[in-house]
Amino acid sequence: MSNMKPIMAMTMGDPAGIGPETLVKTMLSEEIHNCCKPFVIGSQAIMEKAAKVCGLEDKIKFHPITDPSEAKYEIGTFDIMETGDYDTDSIEWGEVQQLCGQMSYDFIVRSIELGIAGKIDAVSTTPINKQAIKMCGVSEPGHTEIYQHLTNSKYALTMFSCHKLRVFFVSRHMSLIDAVKYATKDVVLQNLRDIDYELRSVGIENPLIAVAGINPHNGDNGMFGREELDELFPAVEAAQAEGINAVGPIPGDSVFNIGKSGKFDAILSMYHDQGHIACKTYDFEKSVTVTWGLPFIRGSVDHGTAFDIAGKNIANEISLIESTKVCAEYAGLKMAKNQ
């Protein structure tokens with residue numbers, strides 16, 4: 001990682017969820033300030049409310065900014081960038097609210113504006129509520145799609161980081177039956193090309209990418225399904241012919257166990273739950289998301305707004321600290337690679 005710390009925008013997420021509380025605690029973490037220069041895109045009024053809930057209001061001094069260059073980047077000083085004048089008094093913890101959807105969307109948009117302008121190196125996001133953003137007219141289902149659309153990126157690859165595991169996904173929010181149909185030779189091959197390119201961009205030369213199988217025992221030569229024979233083996237062979245260091249398919253019940261030792265640089269999961277279950281069972285709080293393919297690195301926790309515990313000082317910051325550290329690591333590798 002470069003000696004230069006990446007500038008990290010941290011979006012506050014849904015104001016009614018646990019994002020503000022976890023963000024207050026994370027911004028007081030030495031670990032975060034050691035690995036990046038963090039500032040918050042959010043609402044000072046909500047952050048003050050969250051600090052009081054957490055009993056940390058005496059440890060925090062807010063410092064409003066309009067540009068990252070104005071930030072102090074000091075522990076205890078919350079550099080915060082507002083995105084509008086909102087009626088925050090109307091916001092209730094744990095409730096789906098249109099205003100919260102609008103605010104969380106505005107925070108994302110500001111981070112994208114800063115990223116495209118080259119004023120930040122990375123973004124660490126806290127959870128948004130899909131129903132709330134839909135109420136204010138957002139058509140995309142979540143963070144990843146919003147970032148891809150508004151940055152005009154060709155693709156947005158989701159990767160789970162969990163200790164030594166880097167797990168990518170052929171499909172995300174898709175029914176299982178549709179996900180299996182979607183995992184064609186061409187789609188899998190393009191994923192392998194994109195993963196190879198992105199990992200090389202952070203200095204991983206000739207990355208070894210394992211492809212997970214779909215069916216039990218890789219289909220046992222067609223007895224339990226032909227997806228491996230018709231789509232996955234041909235995809236791996238085509239990737240190898242292009243010089244991509246791909247292997248597999250490897251049965252889904254063993255590829256992740258093999259991978260946790262660090263044997264592979266990445267694993268390509270065929271569908272959402274295949275990789276999510278493996279990582280979250282291994283270590284739920286250290287399973288965090290990195291989005292590749294954007295003009296900047298984006299990291300995120302992989303939990304939701306947790307409305308049931310919002311405003312109660314129950315949520316911990318472990319996942320947000322981990323996701324921000326991972327995000328900062330890859331942003332730093334990109335910075336070093338581009339020097």
Side-chain angles (χ1 to χ4, degrees), residues 1-13 18-42 54 56 68 71-80 107-108 111 114-115 120-127 143-144 147 157-168 198-199 201-204 259-260 262 265-266 275-276 279-280 282-294 296-304 315-338:
M1 184 172 175
S2 168
N3 290 327
M4 293 179 60
K5 295 179 184 177
I7 298 175
M8 179 79 66
M10 303 191 70
T11 58
M12 197 184 77
I18 63 172
E21 294 168 77
T22 60
L23 192 48
V24 164
K25 297 172 184 178
T26 297
M27 286 293 287
L28 288 171
S29 165
E30 286 191 20
E31 288 183 274
I32 295 306
H33 288 268
N34 286 339
C35 70
C36 66
K37 295 178 179 179
F39 70 93
V40 175
I41 301 176
C54 298
L56 297 170
K72 295 182 179 181
Y73 302 119
E74 298 172 352
I75 296 179
T77 297
F78 276 34
D79 300 304
I80 186 161
F107 304 152
I108 294 170
S111 74
L114 293 171
I120 59 173
D121 301 299
V123 180
S124 180
T125 60
T126 59
H143 268 119
T144 303
Y147 274 100
L157 290 176
T158 295
M159 185 196 85
F160 254 34
S161 171
C162 184
H163 299 287
K164 294 182 179 181
L165 286 173
R166 295 186 187 95
V167 179
F168 290 83
E198 294 295 340
L199 293 183
S201 76
V202 293
I204 302 175
K260 72 180 185 180
D265 293 301
H276 277 239
C279 290
K280 290 183 176 182
Y282 183 26
D283 192 331
F284 187 90
E285 290 178 322
K286 293 297 179 74
S287 294
V288 298
T289 299
V290 177
T291 305
W292 300 87
L294 309 176
F296 45 84
I297 294 290
R298 178 237 165 186
S300 178
V301 296
D302 198 65
H303 59 70
N316 70 59
E317 70 276 24
I318 295 173
S319 186
L320 184 55
I321 288 176
E322 180 69 13
S323 64
T324 304
K325 285 167 60 180
V326 170
C327 184
E329 177 186 0
Y330 286 116
L333 289 171
K334 269 189 176 289
M335 291 164 64
K337 181 79 171 178
N338 293 332

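Computation of the quantities below employed the complete heavy-atom set of this structure, encompassing side-chain atoms and omitting hydrogens, waters and symmetry-equivalent molecules. Fair warning: this is a prediction, and the values are worked out from it, not measured in the lab.
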List the atom of [X], the atom of [Y], and the distance in Å for their closest heavy-atom pair.
{"X": "F78", "Y": "V24", "result": "CZ-O, 3.5 Å"}
{"X": "R166", "Y": "D265", "result": "NH1-O, 3.0 Å"}
{"X": "L165", "Y": "G259", "result": "CD2-C, 3.4 Å"}
{"X": "P38", "Y": "Y73", "result": "O-CD2, 3.5 Å"}
{"X": "F296", "Y": "D121", "result": "CB-O, 3.6 Å"}
{"X": "L320", "Y": "T324", "result": "O-OG1, 2.7 Å"}

Under the side-chain contact (heavy atoms from CB on, under 4.5 Å) rule, what do V290 and Y330 come out as? Steps first, then yes or no, please. CA-CA 9 Å; V290 177; Y330 286 116; 4.3 Å; yes

Examine distances only and state if a side-chain atom of [X] and a backbone atom of [Y] form a donor-acceptor pair shorter than 3.5 Å.
{"X": "T11", "Y": "F107", "answer": "no"}
{"X": "H33", "Y": "L28", "answer": "no"}
{"X": "T26", "Y": "L23", "answer": "no"}
{"X": "S287", "Y": "C279", "answer": "yes"}

Above 12 or not: heavy atoms from other molecules or residues under 6.0 Å from NZ of K37? no

Any side-chain heavy-atom pair of [X] and [Y] under 4.5 Å:
{"X": "P127", "Y": "H303", "result": "yes"}
{"X": "P68", "Y": "I120", "result": "yes"}
{"X": "W292", "Y": "I297", "result": "yes"}
{"X": "V288", "Y": "F160", "result": "no"}
{"X": "K286", "Y": "H163", "result": "yes"}
{"X": "I41", "Y": "M12", "result": "no"}
{"X": "E74", "Y": "D79", "result": "no"}
{"X": "E285", "Y": "N316", "result": "yes"}

Start with the C-alpha distance between I32 and K325, add both sets of side-chain angles, then the distance that settles side-chain contact (heavy atoms from CB on, under 4.5 Å), and finish with yes or no. CA-CA 7 Å; I32 295 306; K325 285 167 60 180; 4.1 Å; yes

Can you tell me how far the [atom1] atom of [X] sits from the [atom2] atom of [Y], to the nearest 0.5 Å?
{"X": "S29", "Y": "I318", "atom1": "OG", "atom2": "CD1", "result": "11.0 Å"}
{"X": "E30", "Y": "I75", "atom1": "CD", "atom2": "CD1", "result": "4.5 Å"}
{"X": "L114", "Y": "F39", "atom1": "CG", "atom2": "CZ", "result": "5.0 Å"}

side-chain contact (heavy atoms from CB on, under 4.5 Å) between E317 and M27, intermediate numbers included: CA-CA 10 Å; E317 70 276 24; M27 286 293 287; over 6 Å; no

Using the rule given for side-chain contact (heavy atoms from CB on, under 4.5 Å), can you reason through K334 versus S201, listing the C-alpha separation, both sets of side-chain angles and the distance that settles it, and then say yes or no? CA-CA 6 Å; K334 269 189 176 289; S201 76; 3.1 Å; yes

For a side chain to side chain contact (heavy atoms under 4.5 Å, CB included) with C327, tell me which candidate from E322, M8, R298 qualifies. M8

With a 3.5 Å cut-off and no angle check, do the side chains of T125 and S300 form a donor-acceptor pair? yes

